[in-house]
Amino acid sequence: MTLSSKLFSSSFVESVKKQGEYVVIHPFAGEKERIWTEYVGQVIKSVVERNLNVVIIGGDSTRKNSEQLTECINESFPRTFNLVNKCSIRVCCDLIRNCKYFIGSHSCYLMAAWAYNVPSMCVTNDCMMGYMIPHEDGCVKPLSPNISNLF
């Protein structure tokens, strides 16, 4: 999907909202084991089947140890706005604030969804499960007070 508004303004967010309800997807993270880009197509298909639009967000960054992280989604999907490396963090957070649901990795944008009380799904691997959900053996890190926002 394409939009004519500038990608760095609140009017852009309003133009996304006018297209209908949407889900923000952020499949990236600061560590390779938390990235799930290979499932993006399946997730988008499931969301679109529920008559919702999709907004994919993310952007390249440099870690403290000067490791360069490159984020990209090269495929195109129906009813999807691919905004990876195309808008600011502020616009991404505003898109999250206005979305119906958020689906992402355990990363900064999940924290934004929780801050805005947006129902969220965290796609994670087994090594993060003890952080997100208590293990049967009781081995768990302190839970976030926002864990109730997960769906």
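All residue numbers in this chain count up from 1 along the given sequence.
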Item to check | V13 backbone acceptor or donor facing S15 side chain under 3.5 Å | outcome: no
Checklist entry - When you measure from the side chain of N117 to the backbone N and O of P119, does any donor-acceptor pair fall under 3.5 Å? => result no
Checklist outcome for this item: The side chain to side chain contact (heavy atoms under 4.5 Å, CB included) partners of Q68 (sequence neighbours excluded) come to D60, T62, T70
Next on the checklist: My understanding is that only residues two or more places apart in sequence, or in another chain, count here; which of them pass salt bridge (Lys or Arg N to Asp or Glu O under 4.0 Å) with E21?
Outcome noted: K100
Item to check | Qualifying residues under side-chain hydrogen bond (donor to acceptor under 3.5 Å, both in side chains), relative to N51, sequence neighbours excluded | outcome: R79
Checklist entry - Distance from T37 atom OG1 to I25 atom CD1, nearest 0.5 Å? => result 12.0 Å
Checklist entry - Taking only residues two or more places apart in sequence or in another chain, which ones pass side chain to side chain contact (heavy atoms under 4.5 Å, CB included) with R97? => result D94, Y116
Item to check | Minimal non-hydrogen separation, C99 against Y22, with atom names | outcome: CB-CE1, 3.3 Å
Checklist entry - At what distance, to the nearest 0.5 angstrom, does SG of C122 lie from CZ of F102? => result 8.0 Å
Next on the checklist: Looking at I44, is its backbone amide N or carbonyl O close enough to the side chain of S46 to form a donor-acceptor pair, meaning the two atoms are under 3.5 Å apart?
Outcome noted: no
Next on the checklist: Are L52 and V48 packed together at the side-chain level, in the sense that at least one heavy-atom pair is separated by less than 4.5 angstrom?
Outcome noted: no
Checklist entry - OG of S11 to NZ of K18: how many Å apart, nearest 0.5 Å? => result 9.0 Å
Item to check | Exercise: identify the closest heavy-atom pair between I35 and A29 | outcome: CG1-N, 3.6 Å
Checklist entry - What heavy-atom pair brings I89 and Y109 nearest, and what distance separates the two atoms? => result CG1-OH, 3.6 Å
Next on the checklist: Can you give me the closest heavy-atom contact between K17 and N98, atom names plus distance?
Outcome noted: NZ-OD1, 3.3 Å
Checklist entry - If you look at every heavy atom in V23 and V47, which pair is closest and at what distance? => result CG2-CG1, 3.7 Å
Checklist entry - With S61, which residues qualify under side-chain hydrogen bond (donor to acceptor under 3.5 Å, both in side chains), at least two apart? => result none
Item to check | Of all pairs that satisfy ring-ring contact (aromatic ring centres under 6.0 Å, His included), the ones with a partner from residues 27-61, not counting sequence neighbours | outcome: H26-F28
Checklist entry - Can you name the nearest heavy-atom pair linking P27 to S105, along with the distance? => result C-OG, 4.4 Å
Checklist entry - Does any non-hydrogen side-chain atom of W114 lie less than 4.5 Å from one of S120? => result yes
Checklist entry - How about F81 and V54: do any of their side-chain heavy atoms sit closer than 4.5 Å? => result no
Item to check | Selection residues 106-119 - residue pairs positive for salt bridge (charged side-chain N to carboxylate O under 4.0 Å, His left out), sequence neighbours left out | outcome: none
Checklist entry - Is L69 reachable from L83 through a run of I, L, V, M, F, W or Y residues, each pair having side-chain heavy atoms under 4.5 Å apart? => result no
Next on the checklist: Pair V55, N82 - check side-chain contact (heavy atoms from CB on, under 4.5 Å), show working.
Outcome noted: CA-CA 6 Å; V55 176; N82 183 349; over 6 Å; no
Checklist entry - Which pairs, with at least one residue in residues 47-58 and sequence neighbours excluded, count as a salt bridge (charged side-chain N to carboxylate O under 4.0 Å, His left out)? => result K45-E49
Checklist outcome for this item: Rounded to the nearest 0.5 angstrom, the OG-NZ distance for S88 and K86 is 14.5 Å
Checklist entry - Checking side-chain contact (heavy atoms from CB on, under 4.5 Å) for the pair I96/I57: CA distance, chi angles, key distance, verdict? => result CA-CA 10 Å; I96 292 168; I57 61 171; 3.8 Å; yes
Item to check | Inter-residue atom distance I56.CD1 - E71.CD, 0.5 Å rounding | outcome: 12.0 Å
Item to check | Side-chain donor/acceptor of N85 to backbone N/O of C72, under 3.5 Å | outcome: no
Next on the checklist: Any heavy-atom pair between the side chains of I73 and V40 that's under 4.5 Å?
Outcome noted: yes
